[in-house]
Amino acid sequence: MDFSLLLVVAVAVTGLIWLLDLVWWRPARRQRLVTVEAGTTEGLDEHAREKALKEPWPVDYSRSFFPVLLVVLVLRSFVVEPFQIPSGSMRPTLEVGDFILVNKFTYGLRLPVVHTRIVEFNEPERGDVMVFRFPSEPSVNFIKRVVGLPGDRIRYEGKQLFVNGEPVTKRLLSEAGPGAPGELLLEERLGELAHRIYNNPRDPGPQVRELVVPEGHYFTMGDNRDHSNDSRYWGFVPEENIVGRAFAVWMHWDGGLPSFTSMRRIH
C-alpha cells in the first residue's frame, strides 16, 4: 500500500469538498434560509436557523481534516518522514525496532507519489545513511550506507572494501558479544566519517570485483556486512529512487513498551 498516494488522494478529496462548499453549497444553503424566512411572518427560531445552515457530514469532516492532512502531506513529503527499521542489516548502527527520522530535503525536494525532483540541494555523500526505494520493487523502502558515488571504482574482497583502489580504513574494536555471536565489531572510516560495522570472519560473504558506479547511481552496503541484502547482490541505486538521509533515532519499540532512551543521531 502506497501511503503517499493515499495521503495525496485524501488531501485532494477533502480539499475539493471544502472548496465546493465554499463556492456553491454554503451560499445555496444561506439563500434557501433567506427564502424560507421571507415566506413566514413569525420568522425562524435559532434552532431552526442552525438546522437550515447545518453542514452535511462530508463537508463537516472535510473542513476538519483537510488542514491536518495538508500539513502532514507537506511535512512528510518535503521535510521529514518517520520509518521503522525492520531488519538487522544496518546493525550495529541501527537495531531492529528503531524508529528513525529521514530528512527529505537534504538531497532536494521531490513531488510525492511521482518522486520527481523539483529543487536540487545536495547530492549524497560517501558515508551517508540513505533511505531509498528498492530498484526492482519501488514500493519497498531500503536503508543502507552510501559507499560508492557516481564515477567511483568499488571493490569488495576478503572483507575489505576498496574505493578508487584504496582500502577503506578499519580497526578492530572487540568481539561483538552475545547479541551478535561470531561477529567482530570494527570501526570503519569512509573519508572523514567513522562508523561501526559487523564482520564475521567465518562467513565468506559476497565478493565484488572492481566495478565503476554509473552516473546518476550509487553503490550502497549495510553495516552488518555479512547479513545485508545490498548493492553487492542487486546493483546500483538510481538517483530517482532516493527518499532521503536518515539522521536520528527517536524511539525504539520491540513489541513491549516504547523506549526513548536510545534517542541519538545517526552516524
Side-chain angles (χ1 to χ4, degrees), residues 81-103 124-135 137 140-148 154 156-163 167-208 218-234 237 242-267:
E81 182 176 358
F83 286 91
Q84 182 182 11
I85 301 301
S87 73
S89 69
M90 282 298 292
R91 296 182 68 202
T93 304
L94 298 171
E95 299 288 341
V96 177
D98 280 347
F99 282 73
I100 65 171
L101 296 176
V102 174
N103 187 322
E125 297 181 359
R126 196 178 293 110
D128 284 359
V129 177
M130 186 172 74
V131 174
F132 54 91
R133 292 175 291 113
F134 189 46
E137 195 173 348
V140 178
N141 290 309
F142 268 32
I143 180 168
K144 306 293 178 185
R145 191 176 296 277
V146 177
V147 300
I154 301 296
Y156 187 76
E157 293 181 352
K159 308 295 182 183
Q160 178 63 56
L161 173 64
F162 297 83
V163 178
V168 173
T169 303
K170 62 180 181 180
R171 66 184 181 92
L172 178 65
L173 297 179
S174 67
E175 293 188 2
E183 303 286 342
L184 299 179
L185 179 64
L186 302 104
E187 182 183 79
E188 184 179 74
R189 183 172 293 273
L190 285 168
E192 299 300 318
L193 180 70
H195 59 277
R196 294 183 174 189
I197 66 171
Y198 280 156
N199 261 154
N200 190 328
R202 289 177 290 278
D203 187 338
Q207 308 294 309
V208 179
Y218 297 87
F219 192 91
T220 64
M221 296 175 67
D223 289 348
N224 195 355
R225 291 290 161 81
D226 299 303
H227 305 280
S228 174
N229 180 21
D230 52 39
S231 290
R232 293 172 293 176
Y233 294 94
W234 41 257
V237 178
I242 294 174
V243 174
R245 182 176 64 85
F247 68 94
V249 175
W250 64 276
M251 185 182 77
H252 181 84
W253 182 57
D254 56 6
L257 293 176
S259 170
F260 297 93
T261 59
S262 58
M263 294 176 63
R264 64 190 185 276
R265 290 192 62 82
I266 296 173
H267 298 289

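What you are looking at is a predicted structure, and each value in this text was computed from that prediction instead of being measured. Computation of the quantities below employed the complete heavy-atom set of this structure, encompassing side-chain atoms and omitting hydrogens, waters and symmetry-equivalent molecules.
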Are any non-hydrogen side-chain atoms of [X] and [Y] less than 4.5 angstrom apart?
X	Y	value
Ile266	Thr93	yes
Tyr156	Arg232	yes
Phe99	Val249	no
Phe134	Trp234	yes
Met130	Ile242	yes
Leu161	Met221	yes
Asp230	Phe219	no
Val237	Phe142	no

Rounded to the nearest 0.5 Å, what's the gap from [atom1] on [X] to [atom2] on [Y]? Could you check?
X	Y	atom1	atom2	value
Ser228	Ile143	OG	CD1	11.0 Å
Thr169	Glu188	OG1	CD	9.0 Å
Glu183	His227	CD	NE2	4.0 Å
Asp254	Leu257	CG	CG	9.5 Å

_Other residues, nucleotides, ligands: >12 heavy atoms within 6.0 Å of Trp253 CH2_ =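 Not buried by this count: 12 neighbours or fewer within 6.0 Å.
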*Steps toward side chain to side chain contact (heavy atoms under 4.5 Å, CB included) verdict (Val243, Phe83)*: CA-CA 11 Å; Val243 174; Phe83 286 91; 4.1 Å; yes
*Taking it one step at a time, do Leu190 and Val168 satisfy side chain to side chain contact (heavy atoms under 4.5 Å, CB included)?*
CA-CA 6 Å; Leu190 285 168; Val168 173; 3.8 Å; yes
*Taking 4.0 angstrom as the limit, do Glu192 and Arg126 come out as a salt bridge?*
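No, Glu192 and Arg126 are not salt-bridged.
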*Is the closest basic N to carboxylate O distance between Asp223 and Arg145 below 4.0 Å?*
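Counted as a salt bridge, because a side-chain N and a carboxylate O are separated by less than 4.0 Å.
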*asked:* Let's go through Asn200 and Leu184 carefully: what are the C-alpha distance in whole Å and the side-chain angles of both, what is the deciding distance for side chain to side chain contact (heavy atoms under 4.5 Å, CB included) to 0.1 Å, and is it a yes or a no?
replied: CA-CA 6 Å; Asn200 190 328; Leu184 299 179; over 6 Å; no
[X] to [Y] - nearest heavy-atom pair and separation:
X	Y	result
Gly205	Asp226	CA-OD1, 4.3 Å
Pro258	Met251	CB-SD, 3.6 Å
Gly148	Ile154	CA-CD1, 3.7 Å
Pro124	Val146	CB-CG2, 4.5 Å

*Can you sort out the partners of Pro86 under side-chain contact (heavy atoms from CB on, under 4.5 Å), two or more places apart, ordered by chain and number?*
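Once residues adjacent in sequence are excluded, Pro86 has no partner under the side-chain contact (heavy atoms from CB on, under 4.5 Å) criterion.
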*Using side-chain contact (heavy atoms from CB on, under 4.5 Å) as the criterion, list what pairs up with Glu95, not counting sequence neighbours.*
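For Glu95 the side-chain contact (heavy atoms from CB on, under 4.5 Å) partners, ignoring immediate neighbours, are Arg91, Asp98, His252.
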*asked:* Between Gln207 (side chain only) and Gly158 (backbone N and O only), is there a donor and an acceptor less than 3.5 Å apart?
replied: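 Side chain of Gln207 to backbone of Gly158, a donor-acceptor pair under 3.5 Å: yes, one is there.
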*With side chain to side chain contact (heavy atoms under 4.5 Å, CB included) as the test, would you mind laying out the steps for Asn141 and Arg133 before giving the verdict?*
CA-CA 4 Å; Asn141 290 309; Arg133 292 175 291 113; 3.5 Å; yes
_Six-ring centre of Phe247, Arg265 cation under 6.0 angstrom, axis tolerance 45°_ =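 No - Arg265 does not lie over the ring of Phe247 by the 6.0 Å and 45° rule.
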Just list the side-chain donor-acceptor pairs under 3.5 Å for residues 171-178, sequence neighbours left out, or say none.
{"residue": "Arg171", "atom": "NE", "partner": "Glu187", "partner atom": "OE1", "Å": "3.2"}

*Parallel under 30°, tilted from 30 to 60°, perpendicular over 60°: which one fits the rings of Trp250 and Phe260?*
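Aromatic pair Trp250/Phe260 classed tilted.
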*asked:* Please evaluate residues Arg225 and Asp203 with respect to the criterion salt bridge (charged side-chain N to carboxylate O under 4.0 Å, His left out), reporting the C-alpha separation (whole Å), side-chain torsions for both, the decisive distance (0.1 Å), and the verdict.
replied: CA-CA 10 Å; Arg225 291 290 161 81; Asp203 187 338; over 6 Å; no
_Less than 3.5 Å apart, any donor N or O on the side chain of Lys144 or Ser89 sitting next to an acceptor on the other?_
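Yes, side-chain donor-acceptor contact under 3.5 Å.
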